[in-house]
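Below: the structure, in structure tokens.
Protein chains get the first letters and strands the later ones, always in sequence-line order, with residue 1 at the start of each.
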2 protein chains.
Amino acid sequence: MSKPTPISGFPEWTPGQRMIEQYVLDRIRATFELYGFAPLETRAVEPLDQLLRKGETSKEVYVIRRLHADAEGATGDDQLGLHFDLTVPFARYVLENAGKLQFPFRRYQIQKVWRGERPQEGRYREFVQADIDIVDRDTLAPHHEAEMPLVIGDALRSLPIPPVVIQVNNRKVNEGFYRGIGLTDPEAALRAVDKLDKIGPDRVAELLVETAGATDTQAKACLALSTLRGSDGSIADAVRAIGVEHPLLDEGLAELVAVVETAAEHSPGLCVADLRIARGLDYYTGTVYETQLRGYERFGSICSGGRYDSLATAGNVSYPGVGISIGVTRLLGLLFGAGALSVSREVPTAVLVAVTSEEWRAASNRVAEALRRRGIATEVSPSAAKFGKQIRYAERRGIPYVWFPGADGGPDEVKDIRSGEQVTATAGDWTPAAEDLKPQVR
Amino acid sequence: MSKPTPISGFPEWTPGQRMIEQYVLDRIRATFELYGFAPLETRAVEPLDQLLRKGETSKEVYVIRRLHADAEGATGDDQLGLHFDLTVPFARYVLENAGKLQFPFRRYQIQKVWRGERPQEGRYREFVQADIDIVDRDTLAPHHEAEMPLVIGDALRSLPIPPVVIQVNNRKVNEGFYRGIGLTDPEAALRAVDKLDKIGPDRVAELLVETAGATDTQAKACLALSTLRGSDGSIADAVRAIGVEHPLLDEGLAELVAVVETAAEHSPGLCVADLRIARGLDYYTGTVYETQLRGYERFGSICSGGRYDSLATAGNVSYPGVGISIGVTRLLGLLFGAGALSVSREVPTAVLVAVTSEEWRAASNRVAEALRRRGIATEVSPSAAKFGKQIRYAERRGIPYVWFPGADGGPDEVKDIRSGEQVTATAGDWTPAAEDLKPQVR
């Protein structure tokens, strides 16, 4: 077999990087659970017609078929595709199980998703997302929109990554403002403003005129709105100072202020209202979120989401919700690329028990068993080679300690192979330095 | 949208069942790490030609293609399929990264796999496997084969499931014995014996004659071998008592005895040599393992594997290994079906903080924050409804405690809603009963 090569867009971490990923996922999960989100995992596949319902992502979907399915099976109504996010499967799950679920339903979901997009830095074809959503039946109280930044702030703060800023806006502010100045197609205006980072204000002003039917004055007002930011009630004053009035604008500003003020009480500096944040997706109807890593703003948002009035509908019943998603693979890929994350060793092992000779392997096994019973990750040397060679086995993997079972009734000894310090020890009570027990992520 | 329906073979657990699955996966992972196995996760896809290399599983493979890929792209050499086990991807990973890995390389891998087989009880199209393998370059010492049952025994014993018996055999025993009695196609004989559970000894005897060229006497000897079992060195005596001799038989018996004796020292009763265990797969060359749940033998093996001399080869280098795989979804699906596993509540939440009125929501948020900081999973009530309704919110989810922030400067109180007991408390030092802190799996 010739040497295999990586497949573009399908990243694979080294065991050391995978340890970092597990550490990150464990921390995120722990925070989600502290806030009472229940775990959910959905199957990897959905019916193709469900995946294509929104239309815009049709190019990204991976279709699956059994290799030996007959031609009909491969093209029929029962065609399946890999999910490209965790929102579509969650909406389907809620409809399928609505009778069994308690609403409001708070769930987290940490899974791989697949998109057939062209791979580039920070954009993959297979990647892990960590989502939380709160969904209710018929109506969802707006205070849930203020809770999302608290959860995400705690989750991201628990990670060995730079501090983050969560930027929030509210669709009602934009729509109310655009209607207040007389625009009749606020969605077109929003799509134009969403391109600010990519094409700059001059080109956005042109787009507003071309696609949203704005006059030059209206376009200027839209751009003025998009420059405002703030972390407290003053953001509402700044918007009102432009002099535009609309009931939807008032409703949006009240919600926006509640979000930033709730966040400010929880952790000052975490959350900022930034009226430039638009998020292109049509289905958001209230608060929208993006998240920047301080010092790595060039990465773009690593955690985004928003409020939607209708996650799903069944007959007369609709399910409004609010959700946010951490792009875990994207975040890790970028930080690995920047050399900003490392782990103290490539294996979980804290102790290697040396083997004096193959006949005495059982004695080494007994030491290992005693250490493991006390939660100390331990390997037994794979060979009874000279001790120097066994120590090199540990060194090459970053295992900090080598244990030597006592010969001829003598006591056991354990050596810290970094300092060379060697002490007598018994497996029933010896304990490694606290920072050596588990691999340390930095 | 009409109500969606489940897809046969793609199981989805309820949030409560998912909690049990996470608990099980956490325990398995902790044991694997205690034995020094490093984590690995490979991409979900492999080149189709790699997946089909062994031929026999070709019908089970799911092929993927981008919906809008052109016809050439969809049929070319770069076709991808979903992996159907974790061994093929691991072999590919070892070859791809051989230059960077330290051998012997010990890794665990816990992931979903996909097979297009016809679904039935305990057999899924999407399921989770938890694998460990040890792979070395050129040669792998046989003591690694004795280590596998220790790891698996500890991992399964840490779970809330019935006790297990690991049944082991050694391919060299069978092949040496078959050759010793004069059979020239030991693999055909093994395939016949592998069908014992399905078709019974009479039909296996016929098969041995028909497909392995055995005489009636040879067939009887093969069946005699398959009836033997034992947990110590006496198994070798029992085999030798049949009176067959072959160097490969001696080698296999020595290895088999080492495996059961190592296991007996570690945990008596865990491991039994059972010479009926054959495992059909061609690539095993030494010890093979199957695992039965006591009282649920009808489920079949829930954890299987073996020794292979050549996981992969590249030029002159071959990579022998030994591995074993826990069928996690299969195990859980069967135990869920038998009503043998449950969890004490459907949400992680230990405490619901009541909200006196929407204006005082921030006070409830502060209580929740103080409790979470101390590791107590806490939700704030979604509405400021009458307390009776807020308590029912907790009741319906199995949340054991409801917290009432003090009104008018009075002290906070917390109520155990199962017993009705209500006490004054402060969020900085109140602690729930230990068994209420996390959902309990039984």
Side-chain angles (χ1 to χ4, degrees), chain A residues 1 3-5 7 10 12-13 15 18-19 22 33-36 38-45 58-59 61-68 81-82 92-93 95-96 102 104 107 112 116 126 141 143 262 265-266 312-314 346-349 361-362 365 369 372 377-379 382-383 396-397, chain B residues 1 3-5 7 10 12-13 15 18-19 22 33-36 38-45 58-59 61-68 81-82 92-93 95-96 102 104 107 112 116 126 141 143 262 265-266 312-314 346-349 361-362 365 369 372 377-379 382-383 396-397:
Chain A
M1 180 174 170
K3 190 181 167 189
T5 49
I7 300 177
F10 291 86
E12 286 187 323
W13 309 137
R18 173 66 181 153
M19 281 188 213
Q22 284 182 326
E33 293 183 352
L34 274 180
Y35 278 83
L40 184 68
E41 185 160 277
T42 57
R43 64 193 184 219
V45 302
S58 59
K59 272 182 227 149
V61 173
Y62 280 108
V63 185
I64 72 164
R65 68 176 171 85
R66 287 186 298 125
L67 185 58
H68 290 275
L82 298 175
R92 187 265 312 156
Y93 183 90
L95 285 185
E96 187 175 323
Q102 302 288 345
R107 82 89 178 78
K112 285 190 175 170
E126 175 178 61
H143 62 74
T262 300
E265 177 170 343
H266 181 78
T313 54
E346 292 275 318
V347 293
T349 319
R361 177 169 293 278
N365 281 345
E369 197 179 329
R372 287 182 195 125
T378 305
E379 281 180 59
S383 87
R396 275 198 297 264
R397 288 159 179 81
Chain B
M1 183 174 169
K3 192 180 164 186
T5 50
I7 300 177
F10 292 84
E12 287 188 320
W13 309 137
R18 172 65 181 155
M19 280 189 214
Q22 284 182 324
E33 292 182 353
L34 274 180
Y35 278 83
L40 184 67
E41 185 161 276
T42 57
R43 62 190 185 219
V45 301
S58 58
K59 270 182 232 152
V61 173
Y62 280 107
V63 185
I64 71 165
R65 68 175 171 85
R66 287 186 299 127
L67 185 59
H68 291 275
L82 297 175
R92 187 264 313 156
Y93 183 89
L95 285 185
E96 187 177 322
Q102 302 289 344
R107 82 85 176 82
K112 285 191 174 166
E126 174 177 62
H143 63 76
T262 300
E265 178 170 343
H266 180 78
T313 53
E346 294 273 318
V347 292
T349 318
R361 177 168 294 278
N365 281 344
E369 197 180 329
R372 287 181 195 126
T378 306
E379 283 179 58
S383 86
R396 275 197 298 265
R397 290 160 177 80

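For chain A, the option among Ile7(B), Asn365(B), Leu82(B) with the highest count of heavy-atom pairs below 4.5 Å is Ile7(B). Interface summary for chain A: among Pro39(B), Ala377(B), Pro15(B), the most heavy-atom pairs under 4.5 angstrom belong to Pro39(B). Ranked by heavy-atom pairs shorter than 4.5 Å toward chain A, the options Glu369(B), Glu379(B), His143(B), Glu265(B) are led by His143(B).
Side chain of Arg372(B) to backbone of Leu34(A): a donor-acceptor contact under 3.5 angstrom is found. A side-chain donor-acceptor contact under 3.5 Å links Glu126(B) to the backbone of Ala44(A).
Rounding to the nearest 0.5 angstrom, the gap separating the OH atom in Tyr35(B) from the OG1 atom in Thr349(A) is 12.5 Å.
Proximity to chain B (any heavy atom under 4.5 Å) is shown, for Glu41(A), by both the backbone and the side chain. Heavy atoms closer than 4.5 Å to chain B are found in both the backbone and the side chain of Arg396(A). For Glu33(B), the parts sitting under 4.5 Å from any heavy atom of chain A are the backbone and the side chain alike. For Gln102(B), the parts lying near chain A are the backbone and the side chain together; criterion is any non-hydrogen pair under 4.5 Å. Heavy atoms of Thr262(B) lying under 4.5 Å from chain A belong exclusively to its side chain.
Residues Tyr93(A) and Trp13(B) share a closest heavy-atom pair of OH-O, 3.7 Å. When all heavy atoms of Ala38(B) and Pro348(A) are compared, the pair lying nearest together is CA-CD, 3.8 Å. Heavy atoms only, all atoms of each residue included: Arg43(A) and Glu12(B) are closest at N-OE2, 2.8 Å.
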message = For Arg18(B) and Leu40(A): C-alpha separation, side-chain torsions, deciding distance, then whether side-chain contact (heavy atoms from CB on, under 4.5 Å) applies.
response = CA-CA 6 Å; Arg18(B) 172 65 181 155; Leu40(A) 184 68; 5.7 Å; no

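For the salt bridge (charged side-chain N to carboxylate O under 4.0 Å, His left out) test, no residue two or more places apart in sequence or in another chain qualifies with Glu346(A).
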